[in-house]
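Side-chain atoms are counted along with the backbone in the values below, which use heavy atoms only and exclude waters and symmetry mates.
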Amino acid sequence: MSRGFQVKVTPIIVLAHLSFIAITTLVLVWLLHFREGVALISSNKTKIFNLHPLLMVIGFILVGGEAIMAYKSIPGKRSSAKVVHLLLHLIAMAAGISGIVAVFKFKKEAGLPNMYTLHSWLGISAICLFGLQYILAFFAYFFPGAEMSARAMILPWHRFIGMVIFLLAVGTAESGLVEYFNSIGLFRNQEALIVNFTGLLLFLFAVFVSLSVILPRNSS
């Protein structure tokens, strides 16, 4: 039974990478083809808003998921995977913060209120918890680094809280897609299919990332 599970981690990682590519493609087609593109400064406020799903889905969730899988997907020494894990999470955090800034900028320029939906509450919670988790883990595991006994004691909680934050981010994205879907009245057209498939693939990506954490790295 154990050996059977060990063999299965590699295809799970491959499926996660394929989901990454598919979601990225769908999001780019959605925003660039159907939603007029992206821009930080534009008279077209839709382009400013479009930075939000672009950065949150691809930068925050997908890159963050890859960071979680780094210990299983990066060959070689654990120290190399540790550095990749740290750097990818740093990229994810930068993208998440930029995505939050973009949507606040859009709301301000469009004269819309902030922080009145469940999606926004979940999103702020996810980015704040992510930042706190990153800072604590950096000092505990990277610099200056806690004692080995302290690291071992913290590690299960670090993994658990990290997965909670990741799944919270995915749930936030799903609620955002539903909110967007309802706000513009999508109904049985190509854009609606793209939005729906993006949500479905995000769920599958979360499943694959979660499985990669559970399954052991090596088959031996």
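No side-chain donor-acceptor contact under 3.5 Å links Tyr71 to the backbone of Ala81. With Trp30 contributing its side chain and Glu191 its backbone, the two residues share no donor-acceptor pair below 3.5 Å. Between the side chain of His52 and the backbone N or O of Gly99, at least one donor-acceptor pair lies under 3.5 Å. At distances below 3.5 Å, not a single donor-acceptor pair connects side-chain atoms of Lys47 with backbone N or O atoms of Leu40. Not one N or O on the side chain of Tyr180 forms a donor-acceptor pair closer than 3.5 Å with the backbone of Ser175.
The structure places OG of Ser125 at 9.0 Å from CG of Leu118, a figure rounded to the nearest 0.5 Å. Here CZ of Phe49 is found 14.0 Å from CD of Glu109. Values are rounded to the nearest 0.5 Å. In this structure, NZ in Lys72 is found 10.0 Å from CG in Leu211, a value given to the nearest 0.5 Å. One distance of note links CD1 of Ile97 with SG of Cys128; it measures 9.0 Å at 0.5 Å rounding.
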Criterion side chain to side chain contact (heavy atoms under 4.5 Å, CB included) on Leu201 and Leu204, from CA distance to verdict: CA-CA 5 Å; Leu201 288 173; Leu204 293 177; 4.2 Å; yes

Full working for side chain to side chain contact (heavy atoms under 4.5 Å, CB included) between Val164 and Leu129: CA-CA 10 Å; Val164 168; Leu129 289 172; over 6 Å; no

Check against side chain to side chain contact (heavy atoms under 4.5 Å, CB included), Val207 and Ile12: CA-CA 9 Å; Val207 171; Ile12 292 298; over 6 Å; no

Verdict with supporting geometry, Leu168 and Leu122, side chain to side chain contact (heavy atoms under 4.5 Å, CB included): CA-CA 7 Å; Leu168 174 61; Leu122 294 175; 3.8 Å; yes

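Under the 4.5 Å side-chain heavy-atom criterion for Ile, Leu, Val, Met, Phe, Trp and Tyr, Phe34 and Ile58 are members of the same hydrophobic cluster. Hydrophobic clustering, with ILVMFWY side chains joined whenever heavy atoms are under 4.5 angstrom apart, keeps Ile154 apart from Leu136. Cluster annotation: Ile135 is not connected to Val83 through the hydrophobic network of ILVMFWY side chains, with a link wherever side-chain heavy atoms come within less than 4.5 Å. Hydrophobic clustering, with ILVMFWY side chains joined whenever heavy atoms are under 4.5 angstrom apart, keeps Val178 apart from Phe197. When the side chains of ILVMFWY residues are joined at heavy-atom separations under 4.5 Å, either directly or via intervening members, Leu167 and Trp157 end up in a single hydrophobic cluster.
With 3.5 Å as the limit, one finds a donor-acceptor pair spanning the side chains of Glu36 and Asn44. Residues Gln133 and His89 bring no donor and acceptor atom of their side chains to less than 3.5 Å of each other. Side-chain N/O atoms of His33 and Gln190 include no donor and acceptor closer than 3.5 Å.
Considering every non-hydrogen atom in both Ser73 and Ile13, the closest pair reads CB-CG2, 3.8 Å. Annotation for Ser212 and Met69: closest pair OG-CG, 3.2 Å, computed over non-hydrogen atoms. Closest approach of Lys45 to Ser42, counting heavy atoms only: NZ-O, 3.5 Å. The two atoms that bring Ile165 and Ala126 nearest to each other are CG2-O, 3.8 Å, heavy atoms only. Nearest heavy-atom pair, Leu26 versus Thr198, reported as atom, atom and distance to 0.1 Å: CB-OG1, 3.5 Å.
The aromatic ring centroids of Phe130 and Phe60 lie less than 6.0 Å from each other.
Using bins of under 30°, 30° to 60° and over 60° for the plane-to-plane angle, the ring pair His85/His158 lands in the perpendicular bin.
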